[in-house]
Amino acid sequence: MSVSHTFNRTKFSRFINGTTGRTFRLVAGTGFLVVGYIYRSHPLGIASMVWSFFPLSSSVMDWCWISAALGGPLKGCDVRAMQE
(Lines give C-alpha, C1' and ligand atoms only; values in the text may rest on other atoms or scores of the structure.)
Protein backbone atom coordinates (compact mmCIF):
# COMPACT_ATOMS: atom_id res chain seq x y z
CA MET A 1 0.00 0.00 0.00
CA SER A 2 1.43 3.40 -0.98
CA VAL A 3 1.99 6.30 1.41
CA SER A 4 -0.74 8.36 -0.26
CA HIS A 5 -3.21 5.48 -0.01
CA THR A 6 -2.39 5.06 3.67
CA PHE A 7 -2.79 8.81 4.29
CA ASN A 8 -6.09 8.97 2.42
CA ARG A 9 -7.56 6.34 4.76
CA THR A 10 -6.71 8.26 7.97
CA LYS A 11 -9.22 10.16 10.10
CA PHE A 12 -7.34 13.38 9.38
CA SER A 13 -7.77 12.87 5.64
CA ARG A 14 -11.46 12.15 6.11
CA PHE A 15 -11.81 15.35 8.12
CA ILE A 16 -9.77 17.62 5.86
CA ASN A 17 -11.49 16.40 2.68
CA GLY A 18 -14.98 16.61 4.15
CA THR A 19 -17.27 19.62 4.38
CA THR A 20 -16.00 20.62 7.83
CA GLY A 21 -12.39 20.43 6.66
CA ARG A 22 -13.07 22.53 3.58
CA THR A 23 -14.73 25.17 5.76
CA PHE A 24 -11.75 25.06 8.13
CA ARG A 25 -9.32 25.54 5.23
CA LEU A 26 -11.35 28.46 3.91
CA VAL A 27 -11.33 30.18 7.32
CA ALA A 28 -7.63 29.43 7.88
CA GLY A 29 -6.66 30.68 4.41
CA THR A 30 -8.66 33.86 4.90
CA GLY A 31 -6.99 34.32 8.29
CA PHE A 32 -3.51 33.97 6.77
CA LEU A 33 -4.45 36.45 4.05
CA VAL A 34 -5.85 39.03 6.48
CA VAL A 35 -2.92 38.78 8.89
CA GLY A 36 -0.51 38.97 5.97
CA TYR A 37 -2.25 42.05 4.63
CA ILE A 38 -2.14 43.76 8.02
CA TYR A 39 1.60 43.07 8.31
CA ARG A 40 2.35 43.45 4.58
CA SER A 41 5.39 45.66 5.26
CA HIS A 42 7.09 42.78 7.12
CA PRO A 43 8.56 39.74 5.33
CA LEU A 44 6.49 37.37 7.48
CA GLY A 45 3.36 39.22 6.43
CA ILE A 46 4.22 38.67 2.79
CA ALA A 47 5.00 35.01 3.53
CA SER A 48 1.61 34.70 5.23
CA MET A 49 -0.16 36.08 2.17
CA VAL A 50 1.75 33.70 -0.12
CA TRP A 51 1.02 30.75 2.21
CA SER A 52 -2.71 31.59 2.18
CA PHE A 53 -2.79 30.35 -1.42
CA PHE A 54 -2.62 26.71 -0.28
CA PRO A 55 -5.58 26.52 2.11
CA LEU A 56 -7.69 28.89 -0.01
CA SER A 57 -7.09 27.05 -3.27
CA SER A 58 -7.60 23.67 -1.65
CA SER A 59 -10.91 24.69 -0.13
CA VAL A 60 -12.32 26.56 -3.12
CA MET A 61 -11.13 24.09 -5.77
CA ASP A 62 -11.63 20.96 -3.57
CA TRP A 63 -7.99 19.93 -3.83
CA CYS A 64 -5.90 17.99 -1.32
CA TRP A 65 -2.31 19.22 -1.52
CA ILE A 66 -1.12 16.67 1.06
CA SER A 67 -2.41 13.74 -0.96
CA ALA A 68 -0.85 15.14 -4.12
CA ALA A 69 2.50 15.67 -2.38
CA LEU A 70 2.44 12.02 -1.27
CA GLY A 71 1.75 10.83 -4.82
CA GLY A 72 -2.02 10.45 -4.56
CA PRO A 73 -4.87 12.22 -6.33
CA LEU A 74 -5.17 16.00 -6.17
CA LYS A 75 -8.97 16.21 -6.47
CA GLY A 76 -10.93 15.89 -3.25
CA CYS A 77 -13.64 13.81 -4.92
CA ASP A 78 -10.99 11.25 -5.94
CA VAL A 79 -9.62 11.18 -2.39
CA ARG A 80 -13.12 10.62 -0.99
CA ALA A 81 -13.66 7.80 -3.50
CA MET A 82 -10.49 6.10 -2.20
CA GLN A 83 -11.83 6.35 1.36
CA GLU A 84 -14.90 4.23 0.61
Side-chain angles (χ1 to χ4, degrees):
M1 193 177 309
S2 68
V3 176
S4 65
H5 192 71
T6 302
F7 167 76
N8 288 329
R9 292 185 168 268
T10 63
K11 288 182 182 180
F12 176 71
S13 178
R14 290 179 192 274
F15 162 73
I16 209 70
N17 287 298
T19 305
T20 308
R22 286 184 71 186
T23 303
F24 172 76
R25 289 180 284 166
L26 183 64
V27 170
T30 303
F32 280 120
L33 188 62
V34 168
V35 169
Y37 183 75
I38 291 170
Y39 296 103
R40 64 186 176 275
S41 61
H42 193 278
L44 288 177
I46 295 170
S48 178
M49 286 191 289
V50 170
W51 180 256
S52 72
F53 166 77
F54 293 103
L56 285 174
S57 65
S58 67
S59 67
V60 172
M61 303 298 289
D62 191 20
W63 291 342
C64 183
W65 289 108
I66 300 170
S67 175
L70 294 174
L74 176 64
K75 294 181 179 181
C77 60
D78 294 340
V79 172
R80 287 187 293 279
M82 288 178 67
Q83 293 172 348
E84 295 176 358

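Residue numbers start at 1 and run along the sequence shown. Computed over heavy atoms, backbone and side chain alike; hydrogens, waters and symmetry mates excluded.
- In this structure, Trp65 and Ser57 approach most closely via the heavy-atom pair NE1-OG, 3.1 Å.
- For the atom pair CZ (Arg14) and CZ (Arg80), the distance works out to 12.0 Å, reported to the nearest 0.5 Å.
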Using the side chain to side chain contact (heavy atoms under 4.5 Å, CB included) rule, take Asn17 and Met82 through it: C-alpha gap first, then chi angles, then the decisive distance, then the call. CA-CA 11 Å; Asn17 287 298; Met82 288 178 67; over 6 Å; no
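- Atom OG of Ser58 is separated from atom CZ of Arg22 by 8.5 Å, given to the nearest 0.5 angstrom.
- Both Leu74 and Phe54 belong to a single network of hydrophobic side chains, linked directly or stepwise wherever heavy atoms of I, L, V, M, F, W or Y lie under 4.5 Å apart.
- Among all heavy-atom pairs drawn from Ser48 and Gly36, the shortest one is OG-N, 3.7 Å.
- Partners of Val34 by side chain to side chain contact (heavy atoms under 4.5 Å, CB included), not counting sequence neighbours, listed by chain and number: Thr30, Ile38.
- To the nearest 0.5 Å, atom CD1 of residue Ile46 and atom CG of residue Leu44 are 9.5 Å apart.
- Between atom NZ of residue Lys75 and atom CH2 of residue Trp63 there is a gap of 10.0 Å, rounded to the nearest 0.5 Å.
- When side chains are defined from C-beta on, Phe53 does not count as touching Phe32, because their heavy atoms never get closer than 4.5 Å.
- Counting heavy atoms from C-beta on, the side chains of Asn8 and Pro73 come closer than 4.5 Å.
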Working for side chain to side chain contact (heavy atoms under 4.5 Å, CB included), residues Ile16 and Ile66: CA-CA 10 Å; Ile16 209 70; Ile66 300 170; 5.5 Å; no
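- By the neighbour-count criterion of 12 heavy atoms within 6.0 Å, atom OH of Tyr37 is sparsely surrounded, having that number or fewer from other residues, nucleotides or ligands.
- Transitive grouping of hydrophobic side chains (ILVMFWY, heavy atoms separated by less than 4.5 Å) keeps Leu26 and Val79 in distinct clusters.
- Atoms CZ and SG, from Arg25 and Cys64 in turn, are 6.5 Å apart once rounded to the nearest 0.5 Å.
- Residues passing the side chain to side chain contact (heavy atoms under 4.5 Å, CB included) test with Ser2 are Ser4, His5, sequence neighbours excluded.
- Tracing side-chain contacts under 4.5 Å through hydrophobic residues (I, L, V, M, F, W, Y), one never reaches Val27 starting from Leu56; they form parts of separate clusters.
- Under a hydrophobic-cluster definition in which Ile, Leu, Val, Met, Phe, Trp and Tyr are linked whenever side-chain heavy atoms come within less than 4.5 Å, directly or via other members, Met61 and Phe24 are assigned to different clusters.
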